[in-house]
Asks: 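Structure incoming, see below.
Heavy-atom basis, side chains included; hydrogens, waters and symmetry copies ignored. In what follows, chains are A, B, ... by sequence order, proteins preceding strands, each numbered from 1.
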2 protein chains.
Amino acid sequence: MSTPSQPTTLRSSLHDRGQRLTPQRQRVLALFERIGEGRHLSAEEVHQRLLGAAARVSLATVYRTLRLLSSMGLLQELELPEGGRRFELASDAHRDHHHLVCVRCGQTEEFENAAVLAAGETAALDHGFRLLECVLNVRALCPRCVAAECR
Amino acid sequence: MSTPSQPTTLRSSLHDRGQRLTPQRQRVLALFERIGEGRHLSAEEVHQRLLGAAARVSLATVYRTLRLLSSMGLLQELELPEGGRRFELASDAHRDHHHLVCVRCGQTEEFENAAVLAAGETAALDHGFRLLECVLNVRALCPRCVAAECR
DNA sequence: GTCGATGCAAAGGCTTTGCACAGCC
DNA sequence: GGCTGTGCAAAGCCTTTGCATCGAC
């Protein structure tokens, strides 16, 4: 049961900013809702997946839409160590949402850990910062690549 | 007391790989040793700082050298959420080396926290991964920018 | 003297932007 | 109907690469 499409939320969020609900914006957001939280896509991947659909969305619009949805807080931008910029569905859980990435093959696992969020909060407090988000990137080798390294 | 320049280490590391010790490579590494551990620079910044010096190092060589020194384990590449790729002096401490970044002005603070490393180790273990490095990026607003936001 | 390294400039990705047309409100 | 959004193509970063020359060993 993935989060149902929420045109109402999207529409009102856009309306509050004096912006419009377009099929392209709905399609991009729907794509992320379809793949679920914690799965991330690059701009190019979003473009490719939407090419398969009935109507296409230009790559420029994909970039513009990803930026818009991120600024609205509906998507979350993330920077994986080895790849490029990627985006995923935002959720409260993102304040404490971490990535275990294989630096060799790119396999990525997601995990949560309250202690990490606590550490981030402590650091922010110590320096007088207001915490927005806490992302732990664990660079590692997956079991398959560990085996391959020892070939 | 910053780490003293180590031409011997650099020379032998290079020699082991059939590569040569050049003034450019020494200068790039010396720059990172001069600014100290935990401070990071972009390729462009390295280039700028070396322009001030007596002899210049081309930007292409800066990129080549940063890649080389990273692959040798002398430098550490890192991906800050808002900026681009940056590099800093590698050290064992890097397995547990975290960043508090102001998303508005870019101010960056470094901190360590053993609990974070422990969380990374646990996650890696749970998934059968071999941990290489653990970097926590805390996106936040610095005191000055918090004040500015509330203007 | 040999073979790797450098500098320069051009080529390559990825992302953004300008502009005319399309379409949401 | 007005004004924002889209598509297309061109422009802009940042980074890498090709090639002739330089220089470490």
Asks: If every non-hydrogen atom of Ala43(B) is compared with every non-hydrogen atom of Val62(B), which pair is closest and at what distance?
Replies: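 Here Ala43(B) and Val62(B) meet closest at O-CG1, 3.6 Å.
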Asks: Looking at dT16(C), I'd like to know if its phosphate oxygens (OP1 or OP2) sit under 4.0 Å from a side-chain N or O belonging to Arg85(A).
Replies: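 Looking at the OP1 and OP2 atoms of dT16(C), one of them is under 4.0 Å from a side-chain N or O of Arg85(A).
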Asks: Run the numbers on His99(A) and His40(A) for side-chain contact (heavy atoms from CB on, under 4.5 Å), then give the verdict.
Replies: CA-CA 11 Å; His99(A) 298 267; His40(A) 37 70; 3.7 Å; yes
Asks: Can you list everything that forms a side chain to side chain contact (heavy atoms under 4.5 Å, CB included) with Ile35(B)? Sequence neighbours excluded, please.
Replies: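 Applying side chain to side chain contact (heavy atoms under 4.5 Å, CB included) to Ile35(B) gives Leu31(B), Phe32(B), Arg39(B), Leu41(B), Arg49(B).
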Asks: Sequence neighbours left out, what pairs pass ring pair (Phe, Tyr, Trp, His ring centres under 6.0 Å) with at least one residue falling in residues 107-126 of chain B?
Replies: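 Sorted pair list: His98(B)-Phe111(B).
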Asks: State which residues pass salt bridge (charged side-chain N to carboxylate O under 4.0 Å, His left out) with Glu110(B); sequence neighbours excluded, sorted by chain then number.
Replies: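 Expected list: none.
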Asks: Could you tell me the separation between the CG atom of Leu59(B) and the P atom of dT6(C), rounded to a whole number of Å?
Replies: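 Rounded to whole Å, this separation is 13 Å.
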Asks: Apply side-chain contact (heavy atoms from CB on, under 4.5 Å) to the pair Leu50(B) and Arg56(B), showing each step before the final yes or no.
Replies: CA-CA 6 Å; Leu50(B) 293 179; Arg56(B) 73 192 168 299; over 6 Å; no
Asks: Rounded to whole angstroms, how far apart are CD on Gln48(A) and P on dC14(C)?
Replies: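 Answer to the nearest Å: 11 Å.
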Asks: When the distance from CD of Gln26(A) to C1' of dC25(C) is rounded to whole Å, what number comes out?
Replies: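 Rounded to the whole Å, the gap is 14 Å.
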Asks: Which whole-number value in Å describes the distance from Arg86(A) CZ to dT15(C) P?
Replies: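 Between P of dT15(C) and CZ of Arg86(A): 10 Å.
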Asks: Within this structure, what is the CG-CG distance for the pair Leu117(B) and Leu136(B), rounded to the nearest 0.5 Å?
Replies: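 Reported value, rounded in 0.5 Å steps: 11.5 Å.
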Asks: Under the rule for side chain to side chain contact (heavy atoms under 4.5 Å, CB included), what residues qualify as partners of Arg17(A), not counting sequence neighbours?
Replies: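 If we apply the side chain to side chain contact (heavy atoms under 4.5 Å, CB included) test to Arg17(A), skipping adjacent residues, the hits are Gln19(A), Leu68(A), Ser71(A), Met72(A).
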Asks: Using the side-chain contact (heavy atoms from CB on, under 4.5 Å) rule, take Asn137(B) and Val135(B) through it: C-alpha gap first, then chi angles, then the decisive distance, then the call.
Replies: CA-CA 6 Å; Asn137(B) 285 313; Val135(B) 179; 4.1 Å; yes
Asks: Who are the side chain to side chain contact (heavy atoms under 4.5 Å, CB included) partners of Ser58(A), not counting sequence neighbours?
Replies: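 Side chain to side chain contact (heavy atoms under 4.5 Å, CB included) check on Ser58(A) returns Ala60(A), Thr61(A).
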Asks: For chain B and DNA chain D, what are the first and last nucleotides along the strand, 5' to 3', with at least one atom under 4.0 angstrom from a heavy atom of the protein chain?
Replies: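 Boundary nucleotides touching chain B, in 5' to 3' order, are dC14(D) to dC25(D).
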Asks: Return the 5'-most residue of the pair Arg25(A), His15(B) with respect to DNA chain D, ranking by each residue's nearest nucleotide.
Replies: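 Result: Arg25(A).
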Asks: Regarding Glu44(B), tell me which of base, sugar-phosphate or nothing describes its non-hydrogen contacts under 4.0 Å with the strands shown.
Replies: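 Result for Glu44(B) = nothing.
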Asks: Can you tell me how far C1' of dG4(C) sits from CG of Leu68(B), to the nearest Å?
Replies: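 Distance, rounded to whole Å: 12 Å.
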Asks: Whether Gln24(B) contacts dG7(C) is assessed here as follows: a side-chain N or O lying under 4.0 Å from the phosphate OP1 or OP2. Is that the case?
Replies: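 So the side chain of Gln24(B) is within the cut-off, an N or O lying under 4.0 Å from OP1 or OP2 of dG7(C).
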Asks: Kindly say if Arg17(B) contacts the phosphate of dG4(C), meaning a side-chain N or O under 4.0 Å from OP1 or OP2.
Replies: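 The answer is no; no side-chain N or O of Arg17(B) sits under 4.0 Å from OP1 or OP2.
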Asks: Would you kindly give the CG-to-P distance between Leu69(B) and dA5(C), to the nearest whole Å?
Replies: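 It is 12 Å, rounded to the nearest whole Å.
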Asks: The criterion is side-chain hydrogen bond (donor to acceptor under 3.5 Å, both in side chains); which residues satisfy it with Gln24(B), sequence neighbours excluded?
Replies: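 side-chain hydrogen bond (donor to acceptor under 3.5 Å, both in side chains) check on Gln24(B) returns nothing, list empty.
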Asks: Whole-Å distance between dG4(C) C1' and Leu21(B) CG?
Replies: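 So the CG-C1' distance, Leu21(B) to dG4(C), works out to 13 Å.
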Asks: With respect to the phosphate group of dA5(C), does any side-chain polar atom (N or O) of Thr61(B) fall under 4.0 Å of OP1 or OP2?
Replies: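 Answer no for this pair, as no side-chain N or O of Thr61(B) is under 4.0 Å from OP1 or OP2.
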Asks: Where do N or O atoms of nucleotides 19-23 of chain C meet protein N or O atoms at under 3.5 Å, pair by pair?
Replies:
| unit_1 | atom_1 | unit_2 | atom_2 | d |
| --- | --- | --- | --- | --- |
| dG23(C) | N2 | Arg20(A) | NH1 | 2.6 |

Asks: Please give, in whole Å, the distance from dT15(C) P to Leu41(A) CG?
Replies: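 So the CG-P distance, Leu41(A) to dT15(C), works out to 13 Å.
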Asks: Please report the end-to-end axis angle for the helix from dG1(C)-dC25(D) to dC25(C)-dG1(D), five pairs per end, rounded to 10 degrees.
Replies: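 What I find for the helix from dG1(C)-dC25(D) to dC25(C)-dG1(D) is an axis angle of 40°.
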Asks: Going by the rule side chain to side chain contact (heavy atoms under 4.5 Å, CB included), which residues pair with Glu44(B) if we only count those two or more places apart in sequence or in a different chain?
Replies: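 Once residues adjacent in sequence are excluded, the partners of Glu44(B) under the side chain to side chain contact (heavy atoms under 4.5 Å, CB included) criterion are Ser42(B), His47(B), Gln48(B), Leu59(B).
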